[in-house]
Each structure stands twice: as C-alpha cells, then as structure tokens.
Amino acid sequence: MDPLRQSPSPCSSRPSSPKTPPCEIHGYVGIEDVLDQVKIKAMKMGFEFNIMVVGQSGLGKSTMVSTLFKSKVWKCTLPGLGMPIPQTLQLKSVTHVIEEKGVKLKLTVTDTPGFGDQINNDKCWDPILGYINEQYERYLQEEILITRQRHIPDTRVHCCVYFVPPTGHCLRPLDIELLQRLCRTVNVVPVIARADSLTLEEREAFRRRIQHNLRTHCIEVYPQKCFDEDINDRILNSKIRDRIPFAVVGSDQEYLVNGRCVLGRKTKWGIIEVENMAHCEFLLLRDLLIRSHLQDLKDITHNVHYENYRVCRLNESHVLPRGPCWVNLAPTPPGPPVAPGPSKVCRQAREDSDDDEDDY
Amino acid sequence: MEAEANSGSLEDSWAFIQRPGEGCRTVPLAGHVGFDSLPDQLVNKSVSQGFCFNILCVGETGLGKSTLMDTLFNTKFEGEPATHTQPGVQLRSNTYDLQESNVGLKLTIVSTVGFGDQINKEDSYKPIVEFIDAQFEAYLQEELKIRRVLHAYHDSRIHACLYFIAPTGHSLKSLDLVTMKKLDSKVNIIPIIAKSDAISKSELTKFKIKITSELVSNGVQIYQFPTDDESVAEINGTMNAHLPFAVIGSTEELKIGNKMMKARQYPWGTVQVENEAHCDFVKLREMLIRVNMEDLREQTHSRHYELYRRCKLEEMGFQDTDPDSKPFSLQETYEAKRNEFLGELQKKEEEMRQMFVQRVKEKEAELKEAEKELHEKFDRLKKLHQDEKKKLEDKKKSLDDEVNAFKQRKTAAELLQSQSSQAGGSQTLKRDKEKKN
C-alpha cells in the first residue's frame with residue numbers, strides 16, 4: 001500500500017541502558033518519593049485523552065461514549081435520532097473536562113456520522129485518515145518550532161473504537177479495508193455493536209470468525225502483540241486479545257432491577273444490563289480503555305504511531321532533490337502521505353548532508 | 001466526496017488543561033467512571049521505565065565531593081581521590097544503578113577533577129560548560145533525527161549542579177563567582193558550603209548572608225525550590241531561606257547513645273551528619289531527592305534545554321514560521337541549506353576539476369618536452385652510429401685495398417719466384433736427386 005510506512009516497530013519503552021554496575025544502598029535514601037512527585041505533577045497538569053468512534057450510523061456509537069464516560073457528552077440530542085443521515089462523512093469533535101477524585105481529564109470525542117452509509121463507499125476512509133494525520137501534523141508543527149510551548153496540546157487520536165455491525169457472519173470488505181488502513185496509523189479496538197441481537201453462542205462464533213479474519217488479513221488491533229514488554233504484559237494482554245472484539249451494549253437510561261438502579265435497555269422480554277458481565281462485555285471495554293490501559297494507549301500513540309508519521313513526513317521532503325522533480329511543500333493532503341514519485345537523483349546529490357540530520 | 005472536519009469546538013479547547021473554563025465545559029459525572037487510576041497508571045509506567053538523575057559536582061579538590069555523594073545515597077561509589085597536580089580541569093563521570101523497593105534509579109555523578117588547582121584559573125570553567133553543552137547537544141541530535149527513539153534514550157543532561165563552596169568564612173572566591181555566572185543559565189545550581197564543621201555557628205550565618213548577597217549583586221540565578229504547588233510550597237519556601245546549605249559528609253558510622261550514626265569524631269566532640277542542629281545535610285537530602293527531584297528534571301528539560309535548543313537552532317539559521325508563510329519552514333530551511341551545501345560541493349568539484357585539468361596539461365607539456373629530448377638524443381646517437389659505420393667502412397675499404405694490393409704483390413712475387421725457380425729449379429731437382437742417390 002504505502003511503501004514508506006512501516007508496520008509499528010517493536011520497541012520497548014524501557015530505556016536501553018549501557019551496562020552499569022548496580023550499587024547496594026545501605027539504609028533508606030528516599031528515592032521512591034519521586035513517585036509521589038511524579039503523581040503530584042501529573043495531577044496538577046491534568047490528563048488528555050482523545051477517542052474516536054467509527055462505524056455505520058445506528059450502531060450506537062454516541063450512546064456508547066455516553067455510557068463509557070457516564071456523562072452527556074453530546075450537547076444536543078444524539079445525532080442520528082430523527083435527523084436525516086448526512087450525505088457526506090462529517091467528523092464531529094467535542095471536548096469536555098471531566099473530573100474524578102481530583103484527577104482532571106480533558107476528553108475529546110470524535111464521531112463519524114455518515115461513515116459507510118453511502119451507496120458507493122469507496123475511499124470513505126480518507127476523511128478519517130485525513131483527520132488523524134492532521135492531528136499528527138499539528139503536533140509535529142508544534143514540536144519543531146524554535147520557541148515551543150512547555151506543554152504541547154495533544155489532540156492526536158489515542159484510540160479508535162471501531163463498531164462492527166452484528167451480522168453474525170464475518171467482517172465485511174468495508175470493515176477489512178478500513179481496519180487495514182486504520183491499524184497502521186492509530187490504536188484500533190474493534191467491538192461488536194448492539195450485541196443484544198446475538199445470543200451468547202452466536203457471539204462466540206462471530207468473535208472467532210472476526211479474529212480469524214483479522215489474522216488472515218494481518219490486522220493488528222490493540223493491544224498489539226509486538227509491544228508486549230515482559231511476561232506479565234503478555235499474559236494480561238493475551239487474555240484481552242482472546243476476547244477482542246468485545247460484544248457491547250450501550251445505554252444511558254437507568255432501570256430498577258432487583259432493587260438496584262442499573263443502566264440498561266428495556267425490552268419486552270427483559271432488561272439487558274449494561275454492566276452485567278453475563279449480559280454483555282461492556283465492563284471489559286471500559287476497563288481496557290479507562291482503568292488499565294489508558295496510559296498505554298497514549299504511550300503507544302506517542303512513541304510508535306506519531307514517530308512513524310514523523311519519519312514519513314520528514315523523509316518525504318528529504319528524499320526529493322531540487323531538480324526536475326522538485327515538489328512544493330504543500331500542506332498535507334487528506335490521506336496518508338503519498339510515496340514520492342520516481343525521483344531522478346542527480347549524480348551530485350548526497351544523502352547525509354546536514355550534520356544534524358541522520359538518515360538511517 | 002467532501003469531508004468536513006467540523007472541529008470548531010476543538011480549536012477553542014486547545015487551551016491548557018489548567019484553565020478548563022476556556023472553551024470546553026466541565027461535565028458532571030453520573031457515576032464512577034474509573035479514570036482516577038490514571039496517575040497510578042502513569043506511575044506504573046514510570047516505574048517500569050525507571051528514572052534517571054544526573055548530578056554534577058563542581059568544587060575544588062579536597063572539598064569532599066565524593067564523600068558527600070556517598071553519604072547522600074548511603075552507598076560507596078567506587079573511585080579514588082584526585083591529586084592536586086592535574087594540568088587542567090577534567091570531568092569524571094560515573095553511572096550507577098540504584099534500586100530502592102521497586103524504584104530503579106540510574107544515577108550519573110559527574111565530578112570535576114583538578115578544579116581550582118591550576119595557577120592560572122581563567123579557563124577553569126570552560127570544560128564544565130563544554131560538558132554540559134555536549135549533553136544538550138547529544139539530546140538535540142537525537143531529537144532531530146528522523147528515526148529516533150526518544151523514549152528509550154538514556155538522558156545524560158545534567159539535572160542538578162551542586163556547587164561546593166570552600167568554608168573560608170569570608171566570602172565567595174572570584175573563581176566561584178565567575179564559574180557560577182557561566183553555569184546559571186545552563187543548569188540548576190544549588191550552592192552548598194562544604195566541610196562546614198570548620199565554621200562556627202555564628203560565622204556560618206554571617207557567611208551565608210554574605211554569599212547570598214554576593215550572588216544577588218552579581219546576578220547569579222541559583223535554583224529556587226518551586227513554591228507554586230500547595231503541597232510542597234511551605235517546605236520549599238522555608239528551605240529557600242536556608243540556601244546555601246552547610247553540609248558535612250561522612251561515611252563512617254559511630255555509636256552515639258545506642259544507635260549507629262554517620263558522624264565525624266574529633267577530640268573535642270562528635271559531629272553528627274544527620275543532626276539538623278549540626279549541619280544542613282538532612283535539608284539537602286530532602287530537597288534534592290525526596291521533594292524536588294522531578295522538578296529539577298523538568299526544569300532542566302523545559303527551561304535550560306529549551307533555551308539551548310532555541311539558541312542552537314537560531315544559530316544554524318532556522319526561524320519560526322509566521323502565520324501566512326509556508327508550513328514546515330524547518331523542512332524548507334533544511335532543504336535550502338542542503339541545496340546550498342550541494343551548490344558549494346558542486347563549485348568545489350568544478351574547481352578541483354579545473355585544477356586537475358590544468359595539472360594534466362602541465363604534465364603533458366613536460367612529457368612532450370621529455371619526448372622531444374629523447375627523440376633528439378636518439379637522432380644524435382643514430383648519426384653518431386652512422387658516422388662510425390662510415391668510418392669503419394672506409395677503414396674496411398682501405399684495408400681491402402691493402403689486402404688486394406698485397407695479394408697482387410704476392411701473386412706478382414710468386415710469379416717471379418716461380419719463373420726463377422723454374423730456371424734453377426731443374427738444377428735443384430738434379431741436385432736433390434743426386435743427394436738421394
């Protein structure tokens with residue numbers, strides 16, 4: 001597809017230390033107090049998290065976001081309810097600050113109404129990829145400034161939740177195309193939407209088939225196997241990988257069940273409880289996204305996906321020599337960076353010119 | 001198919017999270033979501049990555065820098081004391097892996113060797129400044145690479161500089177002032193009075209006041225412990241007033257009362273290192289390690305390193321974009337520089353080629369000369385040879401003539417002889433016959 005883009009390279013976030021002699025400490029020094037210092041600083045600065053939900057309309061994306069973050073994320077009524085299906089794909093972003101126990105989280109949710117709803121869905125992923133790349137571009141521009149801010153505002157998409165329609169068969173070509181492209185740019189967590197239309201056995205079979213599809217097409221969803229750092233991570237993540245895609249149900253209405261007030265969907269044949277593990281796997285999704293892997297999502301976005309984008313972007317203008325094929329550095333087109341065309345490299349063009357640029 | 005990224009609300013909510021009122025609204029939560037575990041997630045990540053901390057100790061030889069490091073970290077770092085006969089100031093750097101409960105710290109201690117020992121100390125500060133700049137440069141190089149691994153990079157930038165002041169009791173030495181002035185914009189300086197058991201308490205207070213006033217009057221910016229966060233503002237505020245810390249270092253443990261303590265024993269008494277009434281060692285340890293280590297690292301990165309980066313990039317000729325110029329001016333500048341460089345290379349190549357051509361011509365001319373000479377020589381030799389040949393032929397001819405003449409004479413003589421012998425030959429023949437008979 002894109003010859004310059006490489007698959008996320010497995011890199012451990014543990015610093016590759018030169019061999020240093022370990023020293024024995026006799027007595028208490030107080031080094032572990034640095035953890036408290038880190039915590040205080042982080043809480044003061046606040047956290048940022050950007051999530052994108054992708055899927056056809058009617059799959060319950062907006063409801064899911066509201067359920068996840070237990071707040072009315074969308075100011076107005078949920079789009080799609082009674083409103084006509086938008087003719088073109090529009091990306092809508094909304095930002096909120098939510099606070100819990102002193103921890104401030106700046107949450108940005110990007111919705112994609114109109115995705116996959118047209119008759120001809122060719123290249124419907126371009127706006128999405130364009131948006132993701134645009135955020136990387138913004139961050140990169142901030143980063144290469146001479147006088148840059150102390151804390152660069154992070155609008156890069158940390159996680160993309162992809163809603164698979166509950167057909168019960170397998171992934172459709174549209175899903176596969178999009179997932180292939182998305183997984184190379186951003187962390188993708190696929191979920192089976194509206195899982196209340198499938199029985200438990202159908203869910204399992206559907207899940208296995210989706211996993212098989214993902215393996216066949218070499219689609220690496222989050223948590224990616226190549227980023228497991230040690231044995232604990234691997235064990236934990238294997239359990240998660242076994243259950244992906246999660247079969248979820250979303251709701252923001254509460255009902256009384258057995259004396260408890262729970263979020264659920266009321267139907268004639270019963271109430272589907274969102275937070276009941278026997279009914280659906282919403283809790284797994286919430287734990288993965290928020291309670292255990294949020295920082296990891298951000299780290300992988302920053303260390304892997306952003307770096308890949310940066311390499312591509314910097315390589316683009318680096319490879320093209322000034323000559324008959326000189327291309328003006330226009331703003332990035334909406335889409336993945338195009339591989340440079342056949343470039344006639346002059347005999348005199350050297351690769352490693354500046355002493356502050358290293359091309360490996 | 002058009003795509004509109006309707007990011008109107010995104011634009012205005014780019015403000016700092018510290019000002020949440022700006023642009024984005026705070027939404028109340030209807031239940032427990034669970035992201036209060038975020039700081040813990042962050043801490044766990046940091047723990048698995050490990051921390052690194054780099055201290056630079058600047059001070060004259062013999063002020064107890066190594067001992068203080070040993071005392072601070074409760075361990076014995078390897079290394080021998082330096083002599084006083086160093087020709088110049090050098091920096092010795094050692095890295096150690098410390099582990100306390102589950103926190104791993106990669107500690108690098110850099111010490112000056114031979115500081116203040118030379119007769120002419122004008123350039124003493126230069127190796128130190130160069131060393132600090134080299135660490136910044138290495139980080140900048142890594143950051144500017146196309147394929148970089150910043151999160152796995154071993155950060156060697158100096159986070160804290162402990163400046164050891166000799167306990168004279170009077171004032172700062174001019175060497176100290178000059179060095180600190182050169183270092184204050186590059187690193188967090190924490191001045192400490194070394195071997196402070198040599199000064200009495202009253203002298204100490206006067207000494208501290210004198211030092212602080214000298215630093216202020218000379219415009220030296222030492223590191224101020226941060227007072228903007230409520231949890232540490234109070235303690236940091238009081239500590240700021242105690243700067244510079246008067247410390248004593250000792251690795252020997254003596255039994256005082258019924259506990260083993262680090263102390264120095266004199267005939268007139270024992271100085272306890274961890275006794276706050278005796279010296280400020282505990283304060284230093286609190287401030288340096290337990291309260292402000294993270295702040296020191298952050299200041300190094302966001303203030304000193306950014307300043308260095310800005311200066312370096314401006315020096316290289318880069319400028320920031322203004323709103324309506326092309327994006328990625330850094331790229332364009334890179335490209336422009338690269339092309340400039342290529343142009344220069346081309347020019348040089350042309351020059352070299354021309355020089356080469358000229359040399360070749362010269363050499364050709366030389367060779368032609370030589371060839372001509374050779375030809376001449378050859379001609380001469382040939383002529384000589386021909387002359388010789390001719391001479392020889394003449395000689396031969398004359399010889400032949402002589403031989404011919406001789407032959408003629410010979411035949412003539414023989415003829416004569418044969419005639420005369422024919423006449424008297426019959427007589428001799430008869431005589432011979434008679435003799436035989």
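Computation of the quantities below employed the complete heavy-atom set of this structure, encompassing side-chain atoms and omitting hydrogens, waters and symmetry-equivalent molecules. So that the names make sense, note that chain A is the first sequence line, chain B the second, and so on, each numbered from 1. Not measured: the values here are computed from a predicted model.
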Visitor: Is it the backbone or the side chain of B:Phe77 that comes under 4.5 Å from a heavy atom of chain A, or both, or neither?
Guide: side chain

Visitor: Treating B:Glu306 as the side-chain partner and A:Arg150 as the backbone partner, does any N or O pair qualify as donor plus acceptor under 3.5 Å?
Guide: no

Visitor: Checking B:Ser37 against A:Arg291: is there a side-chain donor and acceptor pair closer than 3.5 Å?
Guide: no

Visitor: Need one label for B:Val103: side chain, backbone, both or neither, based on atoms under 4.5 Å from any heavy atom in chain A.
Guide: side chain

Visitor: Less than 4.5 Å to any heavy atom of chain A: does that hold for the side chain of B:Leu72, its backbone, both, or neither?
Guide: backbone

Visitor: Is any side-chain heavy atom of B:Asp295 less than 4.5 Å from a side-chain heavy atom of A:Lys41?
Guide: yes

Visitor: Side chain, backbone, both or neither: which part of B:Phe35 has an atom under 4.5 Å from a heavy atom of chain A?
Guide: both

Visitor: Tell me, side chain or backbone of B:Asn292 under 4.5 Å from chain A's heavy atoms, or both, or neither?
Guide: backbone

Visitor: Can you say whether B:Glu143 sits under 4.5 Å from chain A via the side chain, the backbone, both, or neither, judging by heavy atoms?
Guide: both

Visitor: What pair of heavy atoms forms the shortest contact from A:Ile146 to B:Arg310, and how long is it?
Guide: CG2-CG, 3.5 Å

Visitor: If we ignore hydrogens and angles and just use 3.5 Å, is the side chain of A:Gln295 paired with the main-chain N or O of B:Leu38 as donor and acceptor?
Guide: no

Visitor: With the side chain counted from C-beta on, respond yes when A:Ile31 and B:Phe51 share a heavy-atom pair under 4.5 Å apart, and no when they do not.
Guide: no

Visitor: State, to 0.1 Å, how close B:Arg285 and A:Val29 come at their nearest heavy-atom pair, and which atoms those are.
Guide: CD-O, 4.0 Å

Visitor: By a 4.5 Å heavy-atom criterion (distance strictly below it), what part of A:Glu100 contacts chain B: side chain, backbone, both, or neither?
Guide: both

Visitor: Side-chain contact, heavy-atom cut-off 4.5 Å: B:Val47 with A:Leu35?
Guide: yes

Visitor: For chain B, which candidate among A:Asp296, A:Ile290, A:Leu107 shows the most heavy-atom pairs at distances under 4.5 Å?
Guide: A:Ile290

Visitor: Is there a side-chain contact between B:Gln41 and A:Leu294 (heavy atoms, below 4.5 Å)?
Guide: yes

Visitor: Name the region of B:Arg297, side chain, backbone, both or neither, that has any atom closer than 4.5 Å to a heavy atom of chain A.
Guide: neither

Visitor: For A:Ser292, which atoms come within 4.5 Å of any heavy atom of chain B: side chain, backbone, both, or neither?
Guide: backbone

Visitor: Among B:Val232, B:Leu107, B:Leu105, which residue has the highest count of heavy-atom pairs closer than 4.5 Å to chain A?
Guide: B:Leu105

Visitor: With only heavy atoms counted, which part of A:Leu68 is less than 4.5 Å from chain B, the side chain, the backbone, both or neither?
Guide: backbone

Visitor: Pick whichever of B:Thr75, B:Val43, B:Leu150, B:Leu29 has the most heavy-atom pairs under 4.5 Å with chain A.
Guide: B:Leu29

Visitor: Could you go through A:Glu143 and B:Arg148, starting from their C-alpha distance and side-chain angles, then the distance that decides it, and tell me whether this counts as salt bridge (charged side-chain N to carboxylate O under 4.0 Å, His left out)?
Guide: CA-CA 14 Å; A:Glu143 202 192 24; B:Arg148 59 188 190 182; 3.1 Å; yes

Visitor: Sort out for me which of A:Phe49, A:Phe69, A:Tyr28 touches chain B most, counting heavy-atom pairs under 4.5 Å.
Guide: A:Tyr28

Visitor: Against chain B, label A:Asp299 side chain, backbone, both or neither, depending on which of its atoms sit under 4.5 Å from a heavy atom there.
Guide: side chain

Visitor: Using 0.5 Å steps for rounding, measure from the OG atom of B:Ser48 to the CG atom of A:Asp233.
Guide: 7.5 Å

Visitor: A:Asp36 vs B:Arg290, test: salt bridge (charged side-chain N to carboxylate O under 4.0 Å, His left out). Steps then yes/no.
Guide: CA-CA 9 Å; A:Asp36 292 326; B:Arg290 294 191 189 164; over 6 Å; no

